[in-house]
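Here's the structure, in structure tokens; my notes come after.
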Amino acid sequence: MLELLLTAIAGFAISVLSSNGGNNFPPPLSRDEEDKLFRKLKDSWDTNARERLIEHNLRLVAHIVRKYYASNPSEEDLISIGTIGLIKSVDSYDIDNGARFATYAAKCIQNEILMYFRSQRKLSQEISINDTIDTDRDGNALTYEDIIKIDDTIADDLDAKIKLSKAAKFIMKELDERERQIITLRYGISGNNPKTQREVAKILGISRSYVSRIEKSALDKIRNAL
């Protein structure tokens, strides 16, 4: 069963990675959705919940492979191997330990790929932590030591980009005109430098306290939407 699931999921990951720049991946789950699925998995080993958690986190596998192994000729193999790490992370994640799943999964994916490289090198010679195993997208040598030291911010960076995109759409579609004006000016969303509340008040011809109230209300709406 695991092998069949792995084949299907890895095949899907490979196909979507090669089309439209990876834009066809299932969208990331909200924190609430993810928590509910992990509860189902923990309480009754719900296979549908398990498959959804795997599918909706495939973009993390692709992100890691494309960021650190873009020049590797075995990209498809690395996606399959990274998917094994993702599946292991779903099966072993403890929702009650407080860690974010994306951070935990990223480390499991990295470790699975690292073990693959170790096994390949072990077949031919002794391994050194300074051995070059690949190059990154800029052509720089990538060693075992580099992979071991890879920061966990991959998942956080990806999560931040997704949230920023969602926030921008929400601001444009859901905030009223005054709220949109204030948030756009305050945080430089229009491409200009962010402005202080006093500067925004002067531009719009309203009091600073009114700017503060509107800004707080708008940020609460954005926070709830995310």
Side-chain angles (χ1 to χ4, degrees), residues 16-17 19-40 49 52-53 55-68 70 86 89 93-107 109 136-138 150-226:
V16 294
L17 178 62
S19 65
N20 298 326
N23 292 328
N24 287 335
F25 279 111
L29 298 167
S30 69
R31 187 66 180 268
D32 287 343
E33 288 177 304
E34 193 171 80
D35 287 350
K36 287 177 183 177
L37 290 174
F38 271 114
R39 289 295 176 193
K40 286 183 179 180
R52 284 197 66 200
L53 286 164
E55 290 180 359
H56 286 267
N57 283 284
L58 278 171
R59 65 177 60 238
L60 188 56
V61 177
H63 181 74
I64 290 172
V65 170
R66 296 179 74 178
K67 181 172 183 178
Y68 293 103
L86 173 62
S89 71
Y93 177 66
D94 182 0
I95 191 173
D96 295 319
N97 71 5
R100 289 180 61 250
F101 172 68
T103 301
Y104 176 73
K107 181 57 68 177
I109 293 165
D136 62 20
R137 65 173 63 182
D138 298 318
I150 286 176
D151 201 348
D152 284 343
T153 60
I154 296 173
D156 292 329
D157 292 344
L158 190 59
D159 185 56
K161 288 179 181 178
I162 292 168
K163 286 182 177 178
L164 282 173
S165 176
K166 289 175 66 177
K169 291 178 181 178
F170 182 84
I171 289 168
M172 293 301 125
K173 292 183 178 181
E174 304 299 333
L175 296 185
D176 62 37
E177 184 177 357
R178 180 65 81 189
E179 290 171 332
R180 189 162 54 249
Q181 284 178 321
I182 290 174
I183 293 298
T184 298
L185 290 169
R186 280 282 289 126
Y187 297 94
I189 295 174
S190 59
N192 298 318
N193 292 328
K195 294 179 170 37
T196 65
Q197 289 183 347
R198 194 175 300 280
E199 289 172 329
V200 173
K202 185 176 181 180
I203 292 171
L204 299 180
I206 56 180
S207 68
R208 190 201 62 78
S209 60
Y210 186 50
V211 169
S212 179
R213 288 199 301 274
I214 297 298
E215 179 184 349
K216 182 179 183 304
S217 174
L219 290 177
D220 285 340
K221 289 181 181 179
I222 295 170
R223 190 176 299 109
N224 290 334
L226 296 178

* Shortest non-hydrogen contact between L60 and A102, atoms and distance ->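 Closest approach of L60 to A102: CD2-O, 3.6 Å.
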* F101: ring-ring contact (aromatic ring centres under 6.0 Å, His included) partners, not counting sequence neighbours -> F38, Y93
* To do: Please name all residues satisfying salt bridge (Lys or Arg N to Asp or Glu O under 4.0 Å) with R31, sequence neighbours left out, ordered by chain then number.
  =>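 With neighbours one apart ignored, the set is D35.
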* Test item: L29 and L53 side chains (from C-beta on) under 4.5 Å apart, heavy atoms -> yes
Test side chain to side chain donor-acceptor pair (under 3.5 Å) applied to [X] - qualifying residues, sequence neighbours left out:
X    : answer
E215 : R186, Y187, Q197
E174 : none
S207 : S209
D96  : R39, K42

Holding to side chain to side chain contact (heavy atoms under 4.5 Å, CB included), I want the full list of residues that pass it with [X], two or more places apart in sequence or in another chain.
X    : answer
D220 : K216, R223
E199 : K195, T196
Q181 : E177, R178, L204

* Can you list the steps and then say if L219 with I183 is a side-chain contact (heavy atoms from CB on, under 4.5 Å)? -> CA-CA 8 Å; L219 290 177; I183 293 298; 4.0 Å; yes
Would you compute the distance between atom [atom1] of [X] and atom [atom2] of [Y] and round it to the nearest 0.5 angstrom?
X    : Y    : atom1 : atom2 : value
L185 : K202 : CG    : NZ    : 14.0 Å
I109 : I64  : CD1   : CD1   : 4.0 Å
I182 : R180 : CD1   : CZ    : 11.5 Å
L175 : T184 : CG    : OG1   : 8.5 Å

* Does P28 offer a backbone N or O that forms a donor-acceptor pair with the side chain of H56 under 3.5 Å? ->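 Checked: no pair found.
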